[in-house]
Amino acid sequence: MGHQVPEAGSVGIVTTATATLFSVENPLRMSNGGSLGPVEVAYETYGQLNEARDNAIFICHALTGDAHAAGFHEGATRPGWWDNLIGPGKPLDTDRYFVICPNLIGGCQGSTGPSSINPATGKAYGLDFPVLLMRDLVAVHRALIRHLGVTRLLAAMGGSLGGMQVLQWALDYPEDLANAIVIAASSRLTAQNIAFSAVARRAIMTDPEFSEGEYAANGANPETGLSIARMMAHITYLSEDALTEKFGRQAQPAVDEQGLGIHFAVESYLDHQGKAFVERFDALSYLYLTRVMDYFDPFADPDALSRLAESPVRWLVVSFDTDWRFGTEHSRRIVRRLEHAGQPVSFREITSPWGHDSFLLEIDDYHATLRSYLQRAQLEVRS
Amino acid sequence: MSLRPDLALVADLVPAGSRVLDLGCGSGALLADLIENHHCRGTGVEIDPESVIEAIGLGVPVIELDIDTQLDEFADASYDVVVLSRTIQTVHRQVDVLTQMARIGSRLIVSAPNFGWWRHRLRLLRGRMPISKDLPHAWYDTPNLRFTTLLELEELFGRLGLTIEQRIPLSPTGEPLRVAGAMANLAAGAAVYVLKG
């Protein structure tokens with residue numbers, strides 16, 4: 001396929017920028033006591049920051065996302081991962097809002113992560129990269145908005161791990177944002193959630209190519225482990241009905257071998273997902289970022305909600321009825337904690353057959369909710 | 001934006017500055033008015049998706065859940081006022097809902113259409129199901145699940161230990177009526193009650 005001309009409603013051709021937000025001299029102070037510098041962050045922006053600087057919406061991406069949320073990179077045939085939501089006339093209308101999306105630290109798509117060069121050794125960090133907590137991700141987001149000249153966000157929003165970042169941010173620094181939009185997320189993983197992460201990590205770490213995290217220096221990559229991790233995670237992102245509808249028990253016609261090879265369409269699909277993932281994602285980033293989610297439990301702090309008393313945030317929490325990765329119970333728990341603290345919180349459970357991945361999809365009811373919420377939010381911030 | 005007359009009447013019964021839970025808040029008009037004009041805070045509860053989106057658009061915090069089964073999401077004594085406006089006839093479990101309301105708030109405002117209005121009684125005598133401004137749907141096409149007269153509604157309040165502090169019978173056009181006792185059950189198309197748990 002050749003170059004695709006962006007259609008109406010697209011933000012068009014975009015490029016990823018990079019900012020150096022912390023240096024060796026002024027490192028990022030990690031919430032577990034270590035420090036990290038320099039820290040580079042890849043990010044994209046869409047729309048214009050207005051004169052009052054009150055129209056900025058910050059997008060926090062999920063586990064394996066990146067800074068490319070909308071529009072097309074030069075020559076690309078597929079748009080950014082949240083393109084159905086962001087653009088002129090879309091719920092995140094770039095004619096009204098200034099949208100910012102970074103790549104997470106700890107990641108591998110332009111921001112500093114475990115495979116970046118450690119200036120102290122001249123080699124990739126590997127397992128010397130400090131353990132990350134949700135607060136570290138938020139600290140970098142805060143530095144980025146300052147870098148962009150934004151003092152207060154109209155909203156921070158994100159799905160899954162992205163929603164968790166928003167929750168942490170709004171609890172710790174409510175003065176930074178007027179609205180917090182938490183989608184298909186959790187305030188605390190269940191044992192089952194952690195169990196899935198544990199199997200994924202074990203698959204990666206027991207791959208012979210992993211070499212105690214020094215695979216990059218050896219010119220290797222634990223591809224088998226990483227692709228198995230992705231295959232398993234992918235199953236949890238879709239509902240059983242969605243998999244049935246997509247594949248049923250349909251055979252994989254191109255494969256003629258008998259026995260234990262790839263015989264069903266769903267096997268072929270997962271195999272493809274695993275292989276494609278290895279091309280774009282780093283094994284150590286996967287380990288570090290899944291760990292961030294495991295540790296996350298902001299309401300364990302008895303003072304978690306105290307800062308909101310002086311600086312209330314308006315909340316929108318959204319779940320999807322077929323999501324079994326972070327089902328509606330996870331969202332309800334967040335809602336209960338906020339509502340019991342007297343916070344203005346709206347909650348919707350959206351009907352969708354697609355499971356956890358619904359937050360990435362164009363579902364009318366879901367998009368109408370976000371559109372309505374954000375339009376009101378903008379009126380309020382201006383009044 | 002001017003409030004529908006029956007909602008304006010409910011709004012007048014809510015003390016300024018209250019924290020209000022509006023069960024079956026619809027598009028959120030009552031709460032929007034209370035928040036904007038009466039210094040109230042509050043939350044709406046609604047199950048119809050389109051109404052929830054409208055309420056969100058009015059800036060009303062609204063939680064989408066089922067009043068019949070999910071009111072235990074709200075903490076004991078967490079609201080000053082709990083409103084159930086023209087909704088009691090649409091739920092399955094009146095006893096549970098009223099009990100939960102009394103647990104959540106100290107002051108309850110309940111409004112209900114009156115099946116015992118004289119015109120309804122006449123329609124029934126003619127062998128037809130009641131239809132009126134307050135009960136506007138055909139029997140096969142109504143969101144209303146359970147019908148009551150004011151007399152029986154008040155009996156239920158009594159049985160649940162809810163004290164009627166105020167009763168405002170309404171004419172079929174929504175005007176407050178100056179009638180009392182059994183006459184209200186005959187003359188009112190609907191009524192608004194202020195209850196204490």
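Keep in mind that the numbers below use all heavy atoms, side chains included, and drop hydrogens, waters and symmetry copies. We name chains A, B, ... by the order of the sequence lines, and we start the count at 1 in each one.
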Check whether NZ of the Lys or CZ of the Arg Arg142(A) lies under 6.0 Å from the centre of the six-membered ring of Tyr173(A) and within 45 degrees of that ring's axis.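 Satisfied, under 6.0 Å and within 45°.
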For [X], which atoms come within 4.5 Å of any heavy atom of chain B: side chain, backbone, both, or neither?
X: Gln375(A); answer: neither
X: Leu379(A); answer: neither
X: Arg332(A); answer: both

Please say whether more than 12 non-hydrogen atoms of neighbouring residues, nucleotides or ligands are located less than 6.0 Å from CZ in Arg188(A). no
Crowded around His92(B) NE2? As in, over 12 foreign heavy atoms under 6.0 Å? no
Can a donor-acceptor pair be found, under 3.5 Å and without considering hydrogens, that links the side chain of Ser358(A) to the backbone of Gly355(A)? yes
Donor-acceptor pair, side chain of Glu46(B) and main chain of Val62(B), under 3.5 angstrom: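 Checked: no pair found.
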Answer with side chain, backbone, both or neither: which region of Tyr79(B) has an atom nearer than 4.5 Å to a non-hydrogen atom of chain A?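 Just the side chain, heavy atoms under 4.5 Å.
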Indicate yes or no: does [X] engage [Y] in a salt bridge with an N to O separation below 4.0 Å.
X: Asp6(B); Y: Arg4(B); answer: yes
X: Asp83(A); Y: Lys90(A); answer: yes
X: Arg371(A); Y: Asp93(A); answer: no

What pairs of donor and acceptor atoms, side-chain ones from residues 156-172 of chain A against any protein atom, are under 3.5 angstrom apart with sequence neighbours left out?
residue   : atom : partner   : partner atom : Å
Ser160(A) : OG   : His356(A) : NE2          : 2.8
Gln165(A) : OE1  : His141(A) : NE2          : 2.7
Gln165(A) : NE2  : His61(A)  : O            : 3.1
Gln165(A) : NE2  : Leu161(A) : O            : 3.2
Gln168(A) : NE2  : Asp172(A) : OD2          : 3.0
Trp169(A) : NE1  : Asp176(A) : OD2          : 2.9
Asp172(A) : OD1  : Arg135(A) : NH2          : 3.1
Asp172(A) : OD2  : Arg135(A) : NE           : 2.7

Can you tell me which of Arg41(B), Glu54(B), Arg19(B) forms the most heavy-atom pairs within a distance under 4.5 Å of chain A? Arg19(B)
Taking non-hydrogen atoms and a cut-off under 4.5 angstrom, which of residues 100-114 of chain B neighbour chain A? none
Could you have a look at His340(A), Arg336(A), Glu339(A) and say which one has the most heavy-atom pairs with chain B under 4.5 angstrom? Glu339(A)
